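The structure under discussion appears below in the form of C-alpha coordinates.
Everything quoted here is computed from the prediction, not taken from an experiment.
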Amino acid sequence: QYQNTGQSGQYGPCQNPHYLSTIDNFTEQRTEQHKALALSAWTERIPRIIINLVLLRKERICMQVRTHSRLLSQWCSGLLYAAAFFMPWWQMGLELSLFSACAVMAVLLWREPARLRALRWPGVALMLFAAWAYCTTWLAPEPSASAYNFFYRCGTYAAMYLLVTWQLRTREQCVHFLSYLLAGAVIVCVIGIYQYFFGGFAGFTMEWVDRERFPLLLRRMYSTLGNPNLLGAYLLMIASVLASFTAIYERGYKRLLTAALLLLILLVLLLTYSRGAWVSMLVVLTVTAIIYDRRVAWGLLAVPAFLWLHHGQITERFISLFHGGDTSVDLRFAFWRSTWQMIGDYWWTGIGWAAFPLVYPRYDYYMQDPSIVIYHAHNLYLTVFAETGIIGFVLYMLAFWGHGVLAWRSYRTSVSHLSRALALGALLAVIGMSINGLFDCNFFHRTVALTFWTLCALQSTLSRLGRR
(Lines give C-alpha, C1' and ligand atoms only; values in the text may rest on other atoms or scores of the structure.)
Protein backbone atom coordinates (compact mmCIF):
# COMPACT_ATOMS: atom_id res chain seq x y z
CA GLN A 1 0.00 0.00 0.00
CA TYR A 2 2.76 2.44 0.88
CA GLN A 3 4.64 1.48 -2.18
CA ASN A 4 1.67 2.02 -4.45
CA THR A 5 0.52 5.34 -3.04
CA GLY A 6 3.99 6.76 -2.86
CA GLN A 7 3.22 8.31 0.51
CA SER A 8 6.28 6.81 2.04
CA GLY A 9 8.19 10.04 1.44
CA GLN A 10 11.79 9.78 2.29
CA TYR A 11 11.43 6.23 3.65
CA GLY A 12 11.77 3.14 1.59
CA PRO A 13 8.82 0.72 1.29
CA CYS A 14 10.28 -1.70 3.94
CA GLN A 15 11.34 1.13 6.27
CA ASN A 16 7.95 2.69 6.88
CA PRO A 17 7.17 2.68 10.61
CA HIS A 18 3.49 1.89 10.07
CA TYR A 19 4.40 -1.05 7.90
CA LEU A 20 6.90 -2.40 10.42
CA SER A 21 4.50 -2.05 13.36
CA THR A 22 1.80 -3.91 11.45
CA ILE A 23 4.16 -6.76 10.69
CA ASP A 24 5.27 -6.92 14.37
CA ASN A 25 1.71 -7.00 15.63
CA PHE A 26 0.82 -9.79 13.20
CA THR A 27 3.86 -11.82 14.23
CA GLU A 28 3.08 -11.44 17.94
CA GLN A 29 -0.49 -12.54 17.35
CA ARG A 30 0.62 -15.64 15.44
CA THR A 31 3.18 -16.48 18.14
CA GLU A 32 0.57 -16.20 20.87
CA GLN A 33 -1.78 -18.41 18.85
CA HIS A 34 0.95 -21.03 18.41
CA LYS A 35 1.76 -20.91 22.13
CA ALA A 36 -1.92 -21.32 23.00
CA LEU A 37 -2.25 -24.26 20.62
CA ALA A 38 0.91 -25.88 21.96
CA LEU A 39 -0.24 -25.34 25.55
CA SER A 40 -3.63 -26.84 24.83
CA ALA A 41 -1.99 -29.84 23.13
CA TRP A 42 0.28 -30.45 26.13
CA THR A 43 -2.67 -29.97 28.46
CA GLU A 44 -4.48 -32.71 26.61
CA ARG A 45 -1.41 -34.99 26.66
CA ILE A 46 -0.59 -34.58 30.37
CA PRO A 47 -3.44 -36.84 31.62
CA ARG A 48 -2.50 -39.45 29.06
CA ILE A 49 1.15 -39.26 30.09
CA ILE A 50 0.21 -39.53 33.77
CA ILE A 51 -2.08 -42.47 33.06
CA ASN A 52 0.61 -44.21 31.02
CA LEU A 53 3.16 -43.65 33.75
CA VAL A 54 0.74 -45.02 36.38
CA LEU A 55 -0.06 -48.04 34.22
CA LEU A 56 3.61 -48.66 33.57
CA ARG A 57 4.38 -48.35 37.27
CA LYS A 58 1.51 -50.65 38.12
CA GLU A 59 2.71 -53.19 35.57
CA ARG A 60 6.21 -53.04 36.99
CA ILE A 61 4.85 -53.37 40.52
CA CYS A 62 2.74 -56.35 39.47
CA MET A 63 5.79 -57.95 37.87
CA GLN A 64 7.77 -57.36 41.06
CA VAL A 65 4.94 -58.75 43.18
CA ARG A 66 4.72 -61.83 40.99
CA THR A 67 8.47 -62.29 41.15
CA HIS A 68 8.55 -61.79 44.91
CA SER A 69 5.50 -64.02 45.43
CA ARG A 70 7.13 -66.76 43.40
CA LEU A 71 10.30 -66.43 45.45
CA LEU A 72 8.37 -66.38 48.73
CA SER A 73 6.38 -69.41 47.61
CA GLN A 74 9.60 -71.30 46.94
CA TRP A 75 10.91 -70.35 50.38
CA CYS A 76 7.68 -71.48 52.00
CA SER A 77 7.79 -74.81 50.17
CA GLY A 78 11.39 -75.38 51.24
CA LEU A 79 10.60 -74.59 54.86
CA LEU A 80 7.59 -76.89 54.71
CA TYR A 81 9.72 -79.72 53.34
CA ALA A 82 12.22 -79.14 56.15
CA ALA A 83 9.43 -79.26 58.73
CA ALA A 84 8.20 -82.59 57.32
CA PHE A 85 11.72 -84.00 57.47
CA PHE A 86 12.49 -82.81 61.01
CA MET A 87 9.03 -83.61 62.38
CA PRO A 88 9.70 -86.97 64.09
CA TRP A 89 13.32 -86.66 65.18
CA TRP A 90 14.40 -83.00 65.72
CA GLN A 91 11.89 -80.77 67.45
CA MET A 92 13.99 -77.61 67.32
CA GLY A 93 14.38 -77.91 63.55
CA LEU A 94 10.65 -78.52 63.25
CA GLU A 95 9.75 -75.42 65.24
CA LEU A 96 12.17 -73.14 63.40
CA SER A 97 11.01 -74.38 60.00
CA LEU A 98 7.34 -74.26 60.89
CA PHE A 99 7.38 -70.78 62.43
CA SER A 100 9.39 -69.40 59.51
CA ALA A 101 6.96 -70.96 57.05
CA CYS A 102 4.04 -69.38 58.94
CA ALA A 103 5.66 -65.94 58.65
CA VAL A 104 6.20 -66.36 54.91
CA MET A 105 2.68 -67.70 54.45
CA ALA A 106 1.24 -64.62 56.16
CA VAL A 107 2.85 -62.44 53.46
CA LEU A 108 1.63 -64.77 50.71
CA LEU A 109 -1.93 -64.67 52.03
CA TRP A 110 -1.81 -60.88 52.06
CA ARG A 111 -0.80 -60.89 48.40
CA GLU A 112 -2.89 -63.90 47.32
CA PRO A 113 -6.07 -64.13 49.41
CA ALA A 114 -7.43 -66.81 47.04
CA ARG A 115 -5.36 -69.41 48.91
CA LEU A 116 -7.86 -69.26 51.77
CA ARG A 117 -10.50 -71.00 49.66
CA ALA A 118 -8.48 -74.25 49.53
CA LEU A 119 -9.74 -75.50 52.92
CA ARG A 120 -12.30 -78.33 52.64
CA TRP A 121 -15.03 -79.27 55.10
CA PRO A 122 -13.07 -81.78 57.26
CA GLY A 123 -10.39 -79.11 57.62
CA VAL A 124 -13.03 -76.57 58.62
CA ALA A 125 -14.24 -78.99 61.30
CA LEU A 126 -10.67 -79.36 62.56
CA MET A 127 -10.22 -75.58 62.76
CA LEU A 128 -13.52 -75.24 64.62
CA PHE A 129 -12.37 -77.91 67.05
CA ALA A 130 -9.12 -76.01 67.59
CA ALA A 131 -11.08 -72.81 68.30
CA TRP A 132 -13.36 -74.62 70.77
CA ALA A 133 -10.42 -76.37 72.44
CA TYR A 134 -8.80 -72.99 73.03
CA CYS A 135 -12.03 -71.75 74.63
CA THR A 136 -11.97 -74.70 77.02
CA THR A 137 -8.55 -73.67 78.30
CA TRP A 138 -10.29 -71.02 80.41
CA LEU A 139 -12.20 -73.80 82.20
CA ALA A 140 -9.08 -75.72 83.21
CA PRO A 141 -7.80 -75.57 86.79
CA GLU A 142 -4.65 -73.84 85.47
CA PRO A 143 -5.66 -71.81 82.37
CA SER A 144 -2.15 -70.57 81.60
CA ALA A 145 -0.66 -74.08 81.57
CA SER A 146 -3.59 -75.34 79.51
CA ALA A 147 -3.17 -72.51 76.98
CA TYR A 148 0.55 -73.22 76.66
CA ASN A 149 -0.17 -76.90 76.03
CA PHE A 150 -2.79 -75.91 73.46
CA PHE A 151 -0.39 -73.80 71.41
CA TYR A 152 2.35 -76.41 71.75
CA ARG A 153 0.19 -79.31 70.54
CA CYS A 154 -3.03 -78.25 68.87
CA GLY A 155 -1.65 -74.97 67.53
CA THR A 156 1.28 -76.78 65.91
CA TYR A 157 -0.70 -79.34 63.94
CA ALA A 158 -3.37 -76.78 63.03
CA ALA A 159 -0.62 -74.56 61.59
CA MET A 160 0.92 -77.50 59.71
CA TYR A 161 -2.49 -78.49 58.34
CA LEU A 162 -3.14 -74.97 57.02
CA LEU A 163 0.35 -74.66 55.56
CA VAL A 164 0.03 -77.92 53.64
CA THR A 165 -3.44 -76.97 52.41
CA TRP A 166 -2.52 -73.45 51.33
CA GLN A 167 1.00 -73.99 50.00
CA LEU A 168 1.04 -77.29 48.11
CA ARG A 169 -0.60 -76.40 44.80
CA THR A 170 0.87 -78.94 42.39
CA ARG A 171 1.25 -82.70 42.35
CA GLU A 172 5.03 -82.38 42.23
CA GLN A 173 5.01 -80.42 45.47
CA CYS A 174 2.88 -83.12 47.11
CA VAL A 175 5.32 -85.81 45.97
CA HIS A 176 8.31 -83.88 47.30
CA PHE A 177 6.58 -83.27 50.62
CA LEU A 178 5.71 -86.96 51.00
CA SER A 179 9.28 -87.93 50.13
CA TYR A 180 10.67 -85.74 52.91
CA LEU A 181 8.08 -87.13 55.33
CA LEU A 182 9.14 -90.71 54.56
CA ALA A 183 12.82 -89.74 54.77
CA GLY A 184 12.21 -88.52 58.33
CA ALA A 185 10.62 -91.89 59.14
CA VAL A 186 13.73 -93.67 57.88
CA ILE A 187 15.87 -91.54 60.21
CA VAL A 188 13.64 -92.57 63.13
CA CYS A 189 14.01 -96.26 62.24
CA VAL A 190 17.79 -96.01 61.93
CA ILE A 191 18.07 -94.31 65.33
CA GLY A 192 15.77 -96.90 66.88
CA ILE A 193 17.73 -99.83 65.47
CA TYR A 194 20.98 -98.34 66.75
CA GLN A 195 19.45 -97.88 70.21
CA TYR A 196 18.07 -101.40 70.29
CA PHE A 197 21.12 -103.32 69.12
CA PHE A 198 24.03 -101.08 70.08
CA GLY A 199 22.73 -98.88 72.88
CA GLY A 200 23.13 -101.45 75.65
CA PHE A 201 20.69 -102.00 78.47
CA ALA A 202 21.52 -99.00 80.65
CA GLY A 203 18.78 -96.42 80.54
CA PHE A 204 16.71 -98.53 78.22
CA THR A 205 13.03 -99.27 78.48
CA MET A 206 12.81 -100.98 81.85
CA GLU A 207 10.07 -98.54 82.82
CA TRP A 208 7.98 -99.71 79.85
CA VAL A 209 8.17 -103.40 80.78
CA ASP A 210 6.18 -105.33 83.36
CA ARG A 211 9.07 -107.41 84.77
CA GLU A 212 6.76 -109.62 86.82
CA ARG A 213 4.60 -110.52 83.84
CA PHE A 214 7.39 -110.57 81.23
CA PRO A 215 10.65 -111.38 83.03
CA LEU A 216 12.52 -112.16 79.80
CA LEU A 217 11.52 -108.98 78.00
CA LEU A 218 14.51 -106.72 78.60
CA ARG A 219 14.02 -103.86 76.15
CA ARG A 220 11.55 -102.22 73.81
CA MET A 221 12.40 -99.90 70.97
CA TYR A 222 11.27 -96.28 71.30
CA SER A 223 13.74 -94.28 69.13
CA THR A 224 13.23 -90.49 69.20
CA LEU A 225 9.64 -90.57 70.50
CA GLY A 226 10.63 -91.67 74.00
CA ASN A 227 7.84 -94.26 74.35
CA PRO A 228 7.39 -97.62 72.57
CA ASN A 229 3.64 -97.14 72.21
CA LEU A 230 4.11 -93.70 70.66
CA LEU A 231 6.68 -95.09 68.24
CA GLY A 232 4.27 -97.88 67.36
CA ALA A 233 1.47 -95.43 66.62
CA TYR A 234 3.76 -93.28 64.48
CA LEU A 235 5.04 -96.27 62.49
CA LEU A 236 1.48 -97.53 62.08
CA MET A 237 0.58 -94.45 60.03
CA ILE A 238 3.77 -94.60 57.97
CA ALA A 239 3.26 -98.32 57.33
CA SER A 240 -0.32 -97.64 56.16
CA VAL A 241 0.94 -95.22 53.51
CA LEU A 242 3.77 -97.51 52.39
CA ALA A 243 1.44 -100.53 52.22
CA SER A 244 -0.95 -98.66 49.94
CA PHE A 245 1.85 -97.51 47.62
CA THR A 246 3.33 -101.02 47.54
CA ALA A 247 -0.05 -102.48 46.61
CA ILE A 248 -1.00 -99.93 43.93
CA TYR A 249 2.40 -99.51 42.24
CA GLU A 250 2.44 -102.90 40.54
CA ARG A 251 5.92 -102.85 38.99
CA GLY A 252 9.14 -100.92 38.72
CA TYR A 253 11.66 -99.54 41.14
CA LYS A 254 8.99 -97.55 43.00
CA ARG A 255 7.33 -100.69 44.24
CA LEU A 256 10.66 -102.24 45.24
CA LEU A 257 11.61 -99.11 47.15
CA THR A 258 8.28 -98.83 48.99
CA ALA A 259 8.32 -102.57 49.76
CA ALA A 260 11.82 -102.31 51.25
CA LEU A 261 10.80 -99.33 53.37
CA LEU A 262 7.66 -101.18 54.46
CA LEU A 263 9.68 -104.17 55.65
CA LEU A 264 11.96 -101.85 57.63
CA ILE A 265 8.97 -100.13 59.24
CA LEU A 266 7.31 -103.45 60.12
CA LEU A 267 10.53 -104.73 61.70
CA VAL A 268 10.82 -101.67 63.92
CA LEU A 269 7.09 -101.85 64.69
CA LEU A 270 7.52 -105.44 65.81
CA LEU A 271 10.38 -104.52 68.14
CA THR A 272 8.32 -101.85 69.91
CA TYR A 273 6.31 -104.69 71.51
CA SER A 274 3.29 -102.39 71.33
CA ARG A 275 0.30 -104.71 71.32
CA GLY A 276 -2.12 -101.94 70.39
CA ALA A 277 -0.02 -101.11 67.33
CA TRP A 278 0.17 -104.80 66.40
CA VAL A 279 -3.59 -105.26 66.56
CA SER A 280 -4.15 -102.04 64.62
CA MET A 281 -1.71 -103.17 61.92
CA LEU A 282 -3.54 -106.46 61.57
CA VAL A 283 -6.79 -104.55 61.11
CA VAL A 284 -5.11 -102.34 58.49
CA LEU A 285 -3.94 -105.37 56.53
CA THR A 286 -7.40 -106.93 56.78
CA VAL A 287 -9.05 -103.78 55.45
CA THR A 288 -6.50 -103.66 52.63
CA ALA A 289 -7.43 -107.23 51.68
CA ILE A 290 -11.14 -106.35 51.71
CA ILE A 291 -11.17 -103.11 49.75
CA TYR A 292 -8.17 -103.61 47.45
CA ASP A 293 -6.97 -107.15 46.88
CA ARG A 294 -8.02 -110.29 48.72
CA ARG A 295 -4.66 -111.87 48.04
CA VAL A 296 -3.32 -109.77 50.90
CA ALA A 297 -5.33 -112.01 53.22
CA TRP A 298 -2.98 -114.88 52.45
CA GLY A 299 -0.22 -112.92 54.12
CA LEU A 300 -2.29 -112.76 57.29
CA LEU A 301 -2.09 -116.55 57.57
CA ALA A 302 1.57 -116.10 58.45
CA VAL A 303 0.55 -114.50 61.76
CA PRO A 304 -0.93 -117.61 63.44
CA ALA A 305 1.87 -119.73 61.96
CA PHE A 306 4.44 -117.38 63.49
CA LEU A 307 2.69 -117.45 66.86
CA TRP A 308 2.57 -121.25 66.73
CA LEU A 309 6.23 -121.74 65.85
CA HIS A 310 7.78 -118.83 67.74
CA HIS A 311 8.17 -119.23 71.49
CA GLY A 312 9.73 -115.88 72.35
CA GLN A 313 8.60 -112.66 73.93
CA ILE A 314 6.69 -111.46 70.85
CA THR A 315 4.33 -114.44 71.09
CA GLU A 316 4.14 -114.16 74.86
CA ARG A 317 3.24 -110.49 74.75
CA PHE A 318 0.64 -110.91 72.01
CA ILE A 319 -1.11 -113.80 73.74
CA SER A 320 -1.20 -111.82 77.01
CA LEU A 321 -3.96 -109.71 75.47
CA PHE A 322 -6.34 -112.65 75.91
CA HIS A 323 -5.08 -114.12 79.19
CA GLY A 324 -5.46 -111.14 81.52
CA GLY A 325 -3.43 -110.55 84.62
CA ASP A 326 -1.42 -107.83 82.90
CA THR A 327 -0.83 -104.63 84.83
CA SER A 328 -1.26 -102.36 81.80
CA VAL A 329 -4.58 -104.00 80.87
CA ASP A 330 -5.94 -103.69 84.40
CA LEU A 331 -4.85 -100.06 84.61
CA ARG A 332 -6.66 -99.23 81.38
CA PHE A 333 -9.96 -100.57 82.67
CA ALA A 334 -9.51 -98.52 85.83
CA PHE A 335 -8.73 -95.38 83.81
CA TRP A 336 -11.79 -95.88 81.64
CA ARG A 337 -14.16 -96.25 84.60
CA SER A 338 -12.81 -93.11 86.23
CA THR A 339 -13.00 -91.15 82.98
CA TRP A 340 -16.64 -92.12 82.48
CA GLN A 341 -17.46 -90.59 85.85
CA MET A 342 -15.49 -87.49 84.85
CA ILE A 343 -17.50 -87.21 81.64
CA GLY A 344 -20.72 -87.55 83.59
CA ASP A 345 -19.82 -84.48 85.65
CA TYR A 346 -18.44 -82.33 82.80
CA TRP A 347 -20.23 -83.67 79.72
CA TRP A 348 -21.18 -80.26 78.25
CA THR A 349 -17.97 -78.21 78.28
CA GLY A 350 -15.38 -80.73 79.47
CA ILE A 351 -12.72 -80.24 82.11
CA GLY A 352 -10.54 -78.11 79.83
CA TRP A 353 -7.82 -78.77 77.30
CA ALA A 354 -4.93 -80.83 78.75
CA ALA A 355 -6.50 -80.69 82.23
CA PHE A 356 -6.77 -84.47 82.62
CA PRO A 357 -3.67 -84.91 84.85
CA LEU A 358 -4.96 -82.16 87.15
CA VAL A 359 -8.54 -83.44 87.50
CA TYR A 360 -7.95 -87.19 87.43
CA PRO A 361 -6.68 -87.49 91.06
CA ARG A 362 -10.22 -86.66 92.25
CA TYR A 363 -11.52 -89.70 90.33
CA ASP A 364 -8.63 -92.08 91.06
CA TYR A 365 -10.20 -95.09 92.71
CA TYR A 366 -7.57 -97.64 91.66
CA MET A 367 -4.04 -96.49 92.54
CA GLN A 368 -4.97 -93.61 94.88
CA ASP A 369 -1.47 -92.18 94.69
CA PRO A 370 -1.29 -88.42 93.96
CA SER A 371 2.40 -88.65 93.11
CA ILE A 372 1.62 -90.69 89.95
CA VAL A 373 0.68 -88.40 87.06
CA ILE A 374 -1.81 -89.76 84.53
CA TYR A 375 -1.76 -87.65 81.37
CA HIS A 376 -4.74 -89.21 79.56
CA ALA A 377 -7.34 -91.95 79.81
CA HIS A 378 -5.47 -94.34 77.49
CA ASN A 379 -8.40 -94.01 75.13
CA LEU A 380 -8.60 -91.38 72.41
CA TYR A 381 -12.37 -90.97 72.46
CA LEU A 382 -12.74 -90.79 76.23
CA THR A 383 -9.87 -88.30 76.53
CA VAL A 384 -11.27 -85.93 73.90
CA PHE A 385 -14.78 -86.17 75.39
CA ALA A 386 -13.53 -85.56 78.93
CA GLU A 387 -11.38 -82.55 78.04
CA THR A 388 -13.54 -80.75 75.44
CA GLY A 389 -17.08 -81.92 76.16
CA ILE A 390 -19.77 -82.98 73.73
CA ILE A 391 -19.14 -80.04 71.36
CA GLY A 392 -15.43 -80.74 71.03
CA PHE A 393 -16.04 -84.47 70.70
CA VAL A 394 -18.49 -84.00 67.81
CA LEU A 395 -16.18 -81.57 65.99
CA TYR A 396 -13.18 -83.85 66.49
CA MET A 397 -15.01 -86.89 65.18
CA LEU A 398 -16.23 -84.91 62.16
CA ALA A 399 -12.65 -83.94 61.37
CA PHE A 400 -11.28 -87.41 62.16
CA TRP A 401 -13.78 -89.53 60.25
CA GLY A 402 -14.44 -86.79 57.68
CA HIS A 403 -10.93 -87.25 56.32
CA GLY A 404 -11.59 -90.98 56.17
CA VAL A 405 -14.73 -90.38 54.10
CA LEU A 406 -12.84 -87.93 51.90
CA ALA A 407 -10.05 -90.47 51.37
CA TRP A 408 -12.54 -93.21 50.50
CA ARG A 409 -14.25 -91.03 47.89
CA SER A 410 -10.93 -90.03 46.41
CA TYR A 411 -9.82 -93.66 46.27
CA ARG A 412 -13.00 -94.64 44.42
CA THR A 413 -12.96 -91.78 41.91
CA SER A 414 -9.26 -90.98 41.29
CA VAL A 415 -7.53 -92.19 38.15
CA SER A 416 -3.84 -91.60 38.84
CA HIS A 417 -1.82 -94.07 40.88
CA LEU A 418 -0.51 -91.31 43.12
CA SER A 419 -3.95 -90.05 44.15
CA ARG A 420 -5.35 -93.55 44.72
CA ALA A 421 -2.31 -94.71 46.67
CA LEU A 422 -2.27 -91.69 48.98
CA ALA A 423 -6.05 -91.86 49.41
CA LEU A 424 -5.85 -95.52 50.39
CA GLY A 425 -2.94 -94.79 52.71
CA ALA A 426 -4.83 -91.98 54.45
CA LEU A 427 -7.90 -94.20 54.79
CA LEU A 428 -5.83 -96.99 56.32
CA ALA A 429 -4.17 -94.48 58.68
CA VAL A 430 -7.58 -93.26 59.85
CA ILE A 431 -8.78 -96.83 60.41
CA GLY A 432 -5.56 -97.87 62.13
CA MET A 433 -5.52 -94.88 64.49
CA SER A 434 -9.21 -95.33 65.26
CA ILE A 435 -8.47 -98.89 66.40
CA ASN A 436 -5.31 -97.81 68.20
CA GLY A 437 -7.31 -95.07 69.92
CA LEU A 438 -9.37 -97.73 71.68
CA PHE A 439 -6.32 -98.82 73.70
CA ASP A 440 -4.33 -95.60 74.01
CA CYS A 441 -4.40 -91.85 73.41
CA ASN A 442 -1.22 -91.36 71.46
CA PHE A 443 -2.45 -88.07 70.04
CA PHE A 444 -1.42 -86.35 73.24
CA HIS A 445 2.11 -86.53 71.82
CA ARG A 446 2.75 -83.77 69.32
CA THR A 447 4.68 -85.85 66.78
CA VAL A 448 1.98 -88.50 66.48
CA ALA A 449 -0.85 -85.99 66.13
CA LEU A 450 1.20 -83.84 63.77
CA THR A 451 1.96 -86.81 61.51
CA PHE A 452 -1.68 -87.89 61.35
CA TRP A 453 -3.13 -84.48 60.52
CA THR A 454 -0.32 -83.78 58.06
CA LEU A 455 -1.18 -86.95 56.14
CA CYS A 456 -4.84 -85.96 56.17
CA ALA A 457 -4.03 -82.48 54.88
CA LEU A 458 -1.78 -83.91 52.16
CA GLN A 459 -4.47 -86.32 50.97
CA SER A 460 -7.13 -83.60 51.02
CA THR A 461 -4.88 -81.30 48.98
CA LEU A 462 -4.01 -83.95 46.42
CA SER A 463 -7.66 -84.95 45.95
CA ARG A 464 -8.57 -81.30 45.45
CA LEU A 465 -5.86 -80.94 42.81
CA GLY A 466 -7.05 -84.08 41.05
CA ARG A 467 -10.64 -82.87 41.07
CA ARG A 468 -9.61 -79.49 39.68
Side-chain angles (χ1 to χ4, degrees), residues 73 76-88 94 97-98 101-102 105 115 118-127 156-186 233-246 248-249 254 258 261 265 284 399-411 413-414 416-433 443 446-468:
S73 181
C76 190
S77 298
L79 291 170
L80 199 56
Y81 299 155
F85 180 66
F86 295 139
M87 184 190 305
L94 166 66
S97 303
L98 191 61
C102 289
M105 178 55 66
R115 293 174 181 260
L119 198 63
R120 306 183 70 177
W121 67 268
V124 174
L126 181 62
M127 297 303 112
T156 302
Y157 63 71
M160 176 64 84
Y161 188 98
L162 293 177
L163 284 172
V164 172
T165 304
W166 289 340
Q167 177 58 31
L168 302 184
R169 310 174 77 178
T170 63
R171 296 166 59 87
E172 290 75 13
Q173 289 179 330
C174 294
V175 172
H176 292 161
F177 183 84
L178 182 61
S179 301
Y180 282 99
L181 191 67
L182 295 178
V186 173
Y234 170 77
L235 296 178
L236 174 64
M237 295 180 285
I238 302 298
S240 300
V241 175
L242 290 174
S244 64
F245 275 88
T246 304
I248 291 180
Y249 284 141
K254 293 182 179 179
T258 55
L261 291 178
I265 296 295
V284 165
F400 190 89
W401 287 105
H403 284 94
V405 173
L406 198 66
W408 170 251
R409 291 178 179 175
S410 179
Y411 171 74
T413 58
S414 297
S416 67
H417 290 313
L418 176 63
S419 299
R420 296 185 74 242
L422 188 57
L424 179 59
L427 177 62
L428 295 178
V430 170
I431 294 175
M433 293 306 296
F443 279 13
R446 185 173 67 170
T447 300
V448 177
L450 194 57
T451 303
F452 177 81
W453 293 115
T454 300
L455 288 174
C456 291
L458 184 61
Q459 190 280 320
S460 176
T461 302
L462 191 60
S463 65
R464 175 177 54 85
L465 295 175
R467 185 181 61 178
R468 184 177 64 182

Q | Heavy-atom closest contact (Arg120 atom, Ser460 atom, distance) | A | CD-OG, 3.3 Å
**Q.** With sequence neighbours excluded, residues passing side chain to side chain contact (heavy atoms under 4.5 Å, CB included) with Ala159
**A.** Cys102
Q) Taking atom CH2 of Trp408 and atom CD1 of Ile431, what is their separation to the nearest 0.5 Å? A) 9.0 Å
Q: State which residues pass side chain to side chain donor-acceptor pair (under 3.5 Å) with Thr447; sequence neighbours excluded, sorted by chain then number.
A: Gln91
Q) Taking it one step at a time, do Arg446 and Leu94 satisfy side chain to side chain contact (heavy atoms under 4.5 Å, CB included)? A) CA-CA 11 Å; Arg446 185 173 67 170; Leu94 166 66; 4.2 Å; yes
Q | Contacts of Ala421 that satisfy side chain to side chain contact (heavy atoms under 4.5 Å, CB included) - sequence neighbours left out | A | Phe245, Ile248
Q | Closest non-hydrogen atom pair, Leu79 against Ala101 | A | CD1-N, 3.6 Å
Q) Could you give the distance from CE (Met237) to CD1 (Ile265), rounded to the nearest 0.5 Å? A) 11.0 Å
Q. Just wondering, do Leu168 and Leu465 contact through their side chains at under 4.5 Å, heavy atoms?
A. no
Q) Quick one: are Val448 and Met433 in side-chain contact, heavy atoms under 4.5 Å? A) yes
Q.
With rounding to the nearest 0.5 angstrom, report the CG to CG distance, Leu455 to Leu428.
A. 11.5 Å
Q) So, Gln167 side chain and Cys76 main chain: donor-acceptor pair closer than 3.5 Å or not? A) no
Q) Taking only residues two or more places apart in sequence, or in another chain, which ones meet Thr454 in a side chain to side chain contact (heavy atoms under 4.5 Å, CB included)? A) Met87, Met160, Val164, Phe177, Leu450
Q. Given the rule in the side chain to side chain contact (heavy atoms under 4.5 Å, CB included) test, do Leu182 and Leu242 qualify, once you have shown the distances and angles that lead to the verdict?
A. CA-CA 9 Å; Leu182 295 178; Leu242 290 174; 4.0 Å; yes
Q.
For Tyr161, give me all partners under side chain to side chain donor-acceptor pair (under 3.5 Å), at least two apart in sequence or on another chain.
A. His403
Q: Apply side chain to side chain contact (heavy atoms under 4.5 Å, CB included) to the pair Leu422 and Ser244, showing each step before the final yes or no.
A: CA-CA 7 Å; Leu422 188 57; Ser244 64; over 6 Å; no
(Q) Show the nearest heavy-atom pair for residues Val284 and Gly432, with the distance to one decimal. (A) CG2-CA, 3.7 Å
Q | Partner set under side chain to side chain donor-acceptor pair (under 3.5 Å) for Ser416, not counting sequence neighbours | A | Arg171, Ser419
Q. Who are the salt bridge (charged side-chain N to carboxylate O under 4.0 Å, His left out) partners of Arg420, not counting sequence neighbours?
A. none
Q) So, does Trp166 use its side chain to make a donor-acceptor pair with the main chain of Arg115 at under 3.5 Å? A) yes
Q: For Arg409 and Ser463, test the side chains for any donor-to-acceptor distance below 3.5 angstrom and give the result as yes or no.
A: no
**Q.** Heavy-atom closest pair, residues Leu181 and Tyr234
**A.** O-OH, 4.4 Å
Q.
The criterion is side chain to side chain contact (heavy atoms under 4.5 Å, CB included); which residues satisfy it with Ala426, sequence neighbours excluded?
A. Ala407, Gln459
Q) Given side chains that start at C-beta, do those of Pro88 and Thr451 come closer than 4.5 Å, heavy atoms only? A) no
Q) Does Phe400 have any ring-ring contact (aromatic ring centres under 6.0 Å, His included) partners at least two apart in sequence or in another chain, and if so, which? A) Phe452
(Q) Checking Ser414 now: which residues fulfil side chain to side chain donor-acceptor pair (under 3.5 Å) with it, not counting sequence neighbours? (A) Ser410
Q. Of Leu163, Leu162, Leu80, which meets side-chain contact (heavy atoms from CB on, under 4.5 Å) against Met105?
A. Leu163
Q: For side chain to side chain contact (heavy atoms under 4.5 Å, CB included), just list the numbers for Val124 and Met127, CA-CA rounded to whole Å, side-chain angles, deciding distance to a tenth of an Å, and then say yes or no.
A: CA-CA 5 Å; Val124 174; Met127 297 303 112; 5.8 Å; no
Q: Under the ring-ring contact (aromatic ring centres under 6.0 Å, His included) rule, collect the residues that match up with Phe85, sequence neighbours excluded.
A: Trp89
